[in-house]
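A short write-up of the structure that comes next.
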Amino acid sequence: MQSSSFLLAGAVSKLSSFFSVSYLFMFLPVSILLYFIAPKKLKKYVLLTESMLFFWLISGKLIVYLLFAVLIMHYCGIWLNSLQDEQRRALSDLPREERKPRKKRFERKQNAVVSFSVILLIGTLLVLKYSSFFSTNINTLFDALKLDLRIPVPSYIMPVGISFFSLQALSYIIDVRRGVVKADRNPVRLALFLSFFPQIVEGPIIRYSQTAMQLWNADRLSLRNLKLGMQRIMFGMIKKMIIADRLNPFVTNIFDNYTKFEGGMVAIGAIAYTIQLYMDFSGSMDVVIGTAQIFGISLPENFRQPFFSKSISEFWTRWHITLGTWFKDYIFLSITGSAKMKKLTSSARKKIGNHYGPLLAGSAALFCVWLANGLWHGAAWNYIFFGLYHFALILSGSLIKPLSRKFFQAIKIDPKHTAYQIFQMLRTGLLVVIGELFFRANGFRNGWRMFCRMISDFHFGAVDGTLIRKLGLDMYDCIIIAVTLLIVFAVSILHERGISVRATVEKKNVAVRWGFCYAMMAYIIMFGAYGIGYAAVDPLYAQF
Amino acid sequence: MKVYLKHILHITVFLIIFVVILLGLSRLVVPKNGLNAADTDIDQNNGIIGEKENTIDVLFLGDSEAYSAFVPMLLWEQYGITSYCCGTSAQTLDNTESYLMTCLERQTPEYVILETDTIFREASFDASFLQKANMVFPVFLYHDRWKSICNNIFTQKNKNELKDYAKGYKYTDAVNPASVKGYMKADKTVKEVSALNKNYISNINEKCKSKGAKLILVSTPSTQNWDMAKHNGITQLADELKLEYIDMNLLQKEIPINWEKDTRDKGDHLNYAGASKVTRYLGELFSKNERMADHRSDPDYESWNRSLAEFKKQF
């Protein structure tokens, strides 16, 4: 009677986060056990079943969207492949001079297939995620024009991870179109690639060429992978549960009531949110990559010490890496590689030189990338601003690059000097914090007001321990956050120098290895923000 | 096969050491006796740990309805009955069971009063799992007490210092009138209690019985949280488990709540005026039981008079 009560709690129907008890102590161990006992040939099917079950436990019947995306991938891939085969056969029979127009016709057909899949995949995303935003704005426009018109504002329930798996499905289709991968005729393999449970909620956005065959050739569990994977998961839990979740009430209080605080406090709130977001998202990625490692799957990294970046463009090669490379490969290169843009670039090179020439086409592509990036994060003006803010920073960085080089030469500052590099990192960090302020704000208008308050009222007269405690952080919270940040910072420095902590510990004797694991576990249990007095915070990027 | 056995042995030894560490950490953080300096929900309710052994006559459990409606100091002042309220905000039955277990380790109350609002709050799988884990490894429940432990080390405060003279009650005299439109309107629908919560109530009842305590389900007056469908659901549950059930929402004659004056938040919770009426009703009921002695002149209970004086001074 006694022990059965938690089994009656709707089983794991509230599976929502990688940091929930139901995931860490129920879903994951059972998944590992089932995978372990399954014969080698069946392991891939066990992984697929677990992945589908995971998605169903989070999104219920909305799993149809995931299955729909698998179907689109499957049929559009085969369609493209058959067009490519047909093209090869047809062109080989033709004399050389007739090949070009025929090839163009085939390419147009293939592009139409890609467009069709874009309409289905991105169209679904647009309808579910953006229709309410667009219709609200159209109604606002009608009001501004004093037109007595209104369109209905729809509201849909979105399946978790749709922004991630839609991009993954599309990347596969474009890769088939580009000939990077061959169309896969096995829908089960495609389903496994798209739904692999650790990455379905928050990414990383994986590519078919990197991951599909790894998953399909799922191998036996190894104790080494299990140990390393668990260590990575624990490191993620430290970031998320000790830093991010502890900061959450403080950040929420400041962003929800910013009018009550002076600019200095708003600035502290923006910095705290930037830390929270990084610890939350990169901590989640540690759990995702660690989980995949347990199953012997190597997923791409999504973060590479972003706060060591010396410029905003470098920052975006270290932060949410898989999203950045997706936009680069499928939007930036598609635009700059088009015939018209190539022509524009070559004529511009002749007129304005090799630095500024490519910037014309590049800036048009960059604009599209950052508009898409902003919109991808959410259907609101503050996200659009967030995207365009980064566009402006990166573009202006490129524009002034030759001038700044000359300037530093003239004033004899060595850009490789440590002090200057630290200055660059701090400057980049400051620009990132400003961007994140708009990103987190409750709408663009509030973001702008917070920014203005930060600039015009920048002092810390009212900031003291009592105020910070009222906002949700007592002295001990601040101490444990600071200590944990120092640990993460030290690990980041080691990673930056190419030293892996886990690999170093692995070489030590058993007492050190086990002591390391016990220390991590005890640290999470004692200092994690969970249980009575704490509200569970779902991973922040799961909402995108 | 040998390799597998070696791995299994390694994992087993690793887990055994981990269990020992968990037990050690639990020993470190579990409150030994009384309240601590940090003013958290857990510490306030764990004030019951600081009460002398076998001195509590009545234990109140439940959510914010409980800590807003039951006034232990009033029961003491007017009837000489000792009681403690382990109500916490949005309490779920897994927490209720934990508090009961904590109390029954050192106390043998005559009555356990469970405020029924919590019976309609579903415990999540995570919470239920953690509650089971808390029973074996209390470090999961008390882990946040590292702050109070540090505080005691740094401030040299006595960690057994008993502080909650209100005995779990949360005082407020705020008034925010309620509308009584539709309140307890006749309705035959039954709001069912979930299988999980039924199971919890059954467990709680068994535990009370094993310690000789009588479990009574009580619905305190609330225009916002209570209606006939819930009343019918609890009546059904009480019949099924053969429990006594008092719905104070239907006792408007015996407990004349004035919804203009006796609520702090538009009928959601009672204020001190409303809580006094509820507590007096229970006091009359308890004092009919011959085994409930009046302890007011008993020197062993002198600390209760000091708490009462402090309570009156504060409020």
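The sequence lines fix the lettering, A, B, ..., with proteins before strands; numbering per chain opens at 1.
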### Message
Is it the case that over 12 heavy atoms from other parts of the model lie below 6.0 angstrom from the CE atom of A:M230?
### Response
no

### Message
Among A:L24, A:L226, A:D474, which residue has the highest count of heavy-atom pairs closer than 4.5 Å to chain B?
### Response
A:D474

### Task
Quick one: which of B:N134, B:V139, B:I17, B:I11 has the most heavy-atom pairs under 4.5 Å with chain A, could you say?
B:I17

## Note on the structure
d(A:L223 CG, B:K6 NZ) to nearest 0.5 Å is 9.5 Å

#### Entry: Residues which pass side-chain contact (heavy atoms from CB on, under 4.5 Å) with A:Q293, listed by chain and number, not counting sequence neighbours
A:N225, A:L228, A:R502

### Message
More than 12 heavy atoms of other residues, nucleotides or ligands under 6.0 Å from CD1 of A:I157: yes or no?
### Response
no

### Message
Run the side chain to side chain contact (heavy atoms under 4.5 Å, CB included) test on B:V29 and A:M526 for me, step by step, so that the C-alpha distance in whole Å, both residues' side-chain angles and the decisive distance to 0.1 Å come before the verdict.
### Response
CA-CA 9 Å; B:V29 295; A:M526 285 296 282; 3.6 Å; yes

### Query
For A:I525 and B:H143, which heavy atoms make the closest approach, and how far apart are they?
O-CB, 3.2 Å

### Query
At what distance, to the nearest 0.5 angstrom, does SG of A:C517 lie from CD1 of B:I21?
10.0 Å

### Query
Which distance, rounded to the nearest 0.5 Å, do you find between the CE of A:M26 and the CZ of B:F129?
7.5 Å

### Task
Describe, in one word, how the ring planes of A:Y476 and B:W146 are oriented to each other, choosing from parallel (under 30°), tilted (30 to 60°) and perpendicular (over 60°).
perpendicular

### Query
For the residue pair A:Y518 and B:F14, does the interplanar ring angle fall in the parallel (under 30°), tilted (30 to 60°) or perpendicular (over 60°) class?
parallel

Atom pairs and distances, side-chain donor-acceptor, residues 50-61 of chain A, under 3.5 Å, sequence neighbours left out:
{"unit_1": "A:S51", "atom_1": "OG", "unit_2": "A:L47", "atom_2": "O", "d": "2.7"}
{"unit_1": "A:S51", "atom_1": "OG", "unit_2": "A:F197", "atom_2": "N", "d": "3.1"}
{"unit_1": "A:S59", "atom_1": "OG", "unit_2": "A:V160", "atom_2": "N", "d": "3.2"}

### Flag side-chain contact, heavy atom, 4.5 Å: B:K147 against A:I480
no

